[in-house]
There are 2 protein chains.
Amino acid sequence: MKEGPDISRIAALIGDPARANMLTALMAGKALTATELAAEAGVTAQTASGHLAKLRDGGLVQVRKQGRHKYFALAHGDVAATLEALMGLAASELRTRTGPKDAAMRQARVCYNHLAGQRGVQMFSCMLGRGDLREDGEDVTITPQGAAFAADFGVDLEALSSARAPLCRACLDWSERRTHLAGSLGRAMLTRMEEMRWLRRDPDSRVIAFLSTGEMAFQQAFPLD
Amino acid sequence: MKEGPDISRIAALIGDPARANMLTALMAGKALTATELAAEAGVTAQTASGHLAKLRDGGLVQVRKQGRHKYFALAHGDVAATLEALMGLAASELRTRTGPKDAAMRQARVCYNHLAGQRGVQMFSCMLGRGDLREDGEDVTITPQGAAFAADFGVDLEALSSARAPLCRACLDWSERRTHLAGSLGRAMLTRMEEMRWLRRDPDSRVIAFLSTGEMAFQQAFPLD
DNA sequence: TTCATACCTCGATCATAGCCGAAGCATATG
DNA sequence: CATATGCTTCGGCTATGATCGAGGTATGAA
């Protein structure tokens with residue numbers, strides 16, 4: 001035994017219901033304060049403080065102090081991807097009781113900071129199919145054709161490329177069990193769609209609602225097959 | 001709160017050190033008996049029995065009864081992929097103390113039932129680059145050219161295709177942070193390499209050792225760029 | 001300054017669950 | 001048949017850790 005990294009340490013971190021609720025809430029991508037996360041987890045502020053310190057020590061969340069508030073967010077995209085993988089396992093056991101919100105969640109939702117669900121998979125698959133993106137192993141790269149599309153879409157690739165974060169990244173979708181686009185380009189695409197009023201984000205959950213005009217524009221931009 | 005599947009339930013399952021050790025041991029791909037797993041976890045048989053029942057109820061492992069033995073294995077490839085993702089997170093926190101065995105683990109190891117590590121990524125990337133495989137989102141498909149290569153390699157694709165398990169599948173490598181080939185083809189390729197005596201599996205760990213002739217043959221079959 | 005809010009530390013309580021000894025089935029071997 | 005092995009259930013012990021109340025320290029507002 002004792003092979004590879006200590007998997008149980010961080011699995012135990014996610015294994016507590018309160019902490020799992022916090023992490024799930026952070027999957028929406030927005031940074032939240034300690035008290036907001038306490039409410040999300042259903043515990044008092046003191047308890048939440050202890051949990052958040054552990055998550056921080058474990059490297060799962062990052063913290064930014066702003067005045068008397070402390071904003072927490074997921075540390076990086078890998079954490080979000082791992083949480084999605086866990087959700088995939090949990091969902092496969094639990095075929096029963098698909099809540100009312102689940103249908104909307106499966107269709108379109110926020111994953112960390114990018115588009116996920118059926119729509120996210122559709123966008124990624126379409127862009128891959130027409131040659132905007134190229135997938136080589138885990139690495140996803142953008143083609144010149146894709147760069148032209150992004151510019152036309154209103155995304156400033158120059159600004160994104162200069163940042164440290166990877167431009168494109170593959171993320172496994174737990175509901176569709178296929179890949180969708182993460183990375184700074186994925187984030188920018190979602191932001192742009194919000195700017196263009198294609199969709200609206202539910203402030204209290206991860207659900208994304210497409211407006212009727214946005215739905216049409218999306219289907220035209222990323223047609224199925 | 002209460003969005004999506006209950007992530008904490010199965011994270012807690014992996015979060016116990018004894019159970020994590022068992023799952024890590026099962027990542028080697030071989031089915032193990034309850035007593036073997038007890039030794040692997042460092043607990044008595046009674047304790048192990050309880051743990052294994054929980055893992056089974058959680059859908060993480062499958063069990064096969066054979067005589068007076070009970071053989072346990074990972075339930076399916078998704079479990080292995082999730083464990084790899086967790087290892088990736090745990091490894092990123094723990095840059096310190098890279099044990100002596102870690103170097104060998106990073107180079108080549110068994111992931112559930114297929115080749116992982118630097119060699120696994122190399123094989124996948126090479127096959128993708130020369131057009132043996134095609135990656136469309138999470139789905140990986142084999143091309144006619146790839147089918148010809150597989151036949152030449154000594155893999156019976158007909159037999160694999162008839163099985164229920166997917167032929168090709170992408171699995172994220174925790175040490176390389178890139179994709180390697182899973183699925184029944186990934187399993188068959190590793191088996192074939194073992195048959196051809198390219199490599200030898202350490203019976204007590206996940207480490208794979210390439211023999212000198214096998215190393216040369218591998219580099220010729222899957223050259224870097 | 002005074003007050004309120006956001007967050008943290010300390011200490012005590014309490015429940016969960018991991019652990020093992022003992023004993024009980026089931027299956028193989030002699 | 002008797003005996004050994006593999007696995008399980010039961011009961012009790014124990015420790016870990018989640019929880020909250022009380023009290024303390026920053027930050028911002030009045």
Side-chain angles (χ1 to χ4, degrees), chain A residues 1-2 6-26 30-75 90, chain B residues 1-2 6-26 30-75 90:
Chain A
M1 60 190 208
K2 196 60 189 166
D6 183 11
I7 196 180
S8 72
R9 229 179 62 84
I10 73 154
L13 239 42
I14 310 174
D16 177 77
R19 286 192 293 262
N21 282 335
M22 291 178 177
L23 291 171
T24 304
L26 289 176
K30 289 193 303 184
L32 299 175
T33 67
T35 30
E36 285 172 327
L37 286 169
E40 202 72 40
V43 295
T44 60
Q46 314 92 290
T47 307
S49 176
H51 283 312
L52 289 169
K54 283 178 185 167
L55 288 176
R56 188 180 156 285
D57 290 346
L60 293 183
V61 303
Q62 63 181 138
V63 57
R64 198 179 33 165
K65 215 170 145 181
Q66 206 163 97
R68 58 178 167 179
H69 294 278
K70 250 183 163 177
Y71 283 94
F72 292 86
L74 297 186
Chain B
M1 60 192 207
K2 195 62 191 166
D6 183 11
I7 195 180
S8 71
R9 229 180 63 85
I10 72 153
L13 279 177
I14 311 174
D16 178 76
R19 286 193 294 262
N21 281 335
M22 290 177 176
L23 291 171
T24 304
L26 289 176
K30 290 192 304 186
L32 299 174
T33 66
T35 29
E36 285 172 327
L37 287 170
E40 203 72 41
V43 294
T44 59
Q46 312 93 290
T47 306
S49 177
H51 283 312
L52 289 169
K54 284 178 186 168
L55 288 175
R56 187 180 157 284
D57 291 346
L60 293 184
V61 302
Q62 64 181 136
V63 56
R64 198 178 32 167
K65 216 170 143 182
Q66 207 161 98
R68 60 179 167 180
H69 295 275
K70 249 185 163 177
Y71 284 94
F72 292 87
L74 296 186

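Chain naming here is simple, since letters A, B, ... match the order of the sequence lines and numbering starts at 1 in each. Basis for what follows: all heavy atoms, side chains included, without hydrogens, waters or symmetry-related copies.
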A side-chain contact here means heavy atoms from C-beta on lying under 4.5 Å apart; do B/Leu26 and B/Val61 qualify?
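SC-SC contact between B/Leu26 and B/Val61 confirmed.
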Side-chain contact test, heavy atoms from C-beta onward, threshold under 4.5 Å: evaluate it for A/Lys54 versus A/Arg19 and give yes or no.
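A/Lys54 reaches A/Arg19 side chain to side chain.
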Quick one: side chain to side chain contact (heavy atoms under 4.5 Å, CB included) partners of [X], sequence neighbours excluded?
X	value
A/Arg68	none
B/Ala73	B/Ala31, B/Gln62
B/Ala75	B/Val79
B/Ala18	B/Asp16, B/Ala41, B/Val43, B/His51

In whole Å, I'd like the distance from the [atom1] atom of [X] to the [atom2] atom of [N].
X	N	atom1	atom2	result
A/Leu52	D/dG17	CG	C1'	16 Å
B/Leu55	C/dA17	CG	C1'	14 Å
A/Leu13	D/dT16	CG	P	17 Å
B/Leu32	D/dG6	CG	P	14 Å
A/Lys70	D/dT25	NZ	C1'	12 Å

Output all residues satisfying side chain to side chain donor-acceptor pair (under 3.5 Å) with A/Thr47, sequence neighbours left out; order by chain, then residue number.
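For A/Thr47, the residues satisfying side chain to side chain donor-acceptor pair (under 3.5 Å) (neighbours in sequence not counted) are A/Thr44.
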Non-neighbouring partners of A/Ser49 that pass side chain to side chain donor-acceptor pair (under 3.5 Å), sequence neighbours left out:
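Once residues adjacent in sequence are excluded, A/Ser49 has no partner under the side chain to side chain donor-acceptor pair (under 3.5 Å) criterion.
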Please tabulate, one pair per line, each protein N/O and nucleotide N/O from nucleotides 12-16 of chain C that are separated by under 3.5 Å, including the distance.
none

Reckon A/Ala45 touches a base, only the sugar-phosphate, or nothing at all at heavy-atom distances under 4.0 Å?
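The residue A/Ala45 makes no contact with any strand.
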Taking all non-hydrogen atoms of both residues into account, name the closest pair between B/Gly58 and B/Arg9 and its distance.
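Closest approach of B/Gly58 to B/Arg9, heavy atoms only: CA-NH2, 4.0 Å.
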Indicate whether OP1 or OP2 belonging to D/dC7 is found under 4.0 Å from a side-chain N or O atom of B/Thr35.
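It does, given that an N or O in the side chain of B/Thr35 lies less than 4.0 Å from OP1 or OP2 of D/dC7.
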Filtered N/O pairs between nucleotides 18-25 of chain C and protein, under 3.5 Å:
| unit_1 | atom_1 | unit_2 | atom_2 | d |
| --- | --- | --- | --- | --- |
| C/dG18 | OP1 | B/Arg19 | NH2 | 3.3 |
| C/dG18 | OP2 | B/Lys54 | NZ | 2.5 |
| C/dC19 | OP2 | B/His51 | NE2 | 2.6 |
| C/dC20 | OP2 | B/Thr44 | N | 3.2 |
| C/dC20 | OP2 | B/Thr44 | OG1 | 3.1 |
| C/dC20 | OP2 | B/Thr47 | OG1 | 3.0 |
| C/dG21 | N7 | B/Gln46 | NE2 | 2.6 |

Only one of B/Leu37, B/Val63, B/Thr33, B/Leu32 clears side chain to side chain contact (heavy atoms under 4.5 Å, CB included) with B/Tyr71; which?
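Running side chain to side chain contact (heavy atoms under 4.5 Å, CB included) over B/Leu37, B/Val63, B/Thr33, B/Leu32 with B/Tyr71 returns exactly one hit, B/Thr33.
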Nearest to side-chain heavy atoms of B/His69, which nucleotide of D/dG6, D/dT8, C/dC7:
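Of D/dG6, D/dT8, C/dC7, D/dG6 is nearest to the side chain of B/His69.
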Given the rule in the side chain to side chain contact (heavy atoms under 4.5 Å, CB included) test, do A/Ile7 and B/Leu23 qualify, once you have shown the distances and angles that lead to the verdict?
CA-CA 10 Å; A/Ile7 196 180; B/Leu23 291 171; over 6 Å; no
Detail all sub-3.5 Å separations between protein N/O atoms and N/O atoms belonging to nucleotides 26-30 of chain C.
none

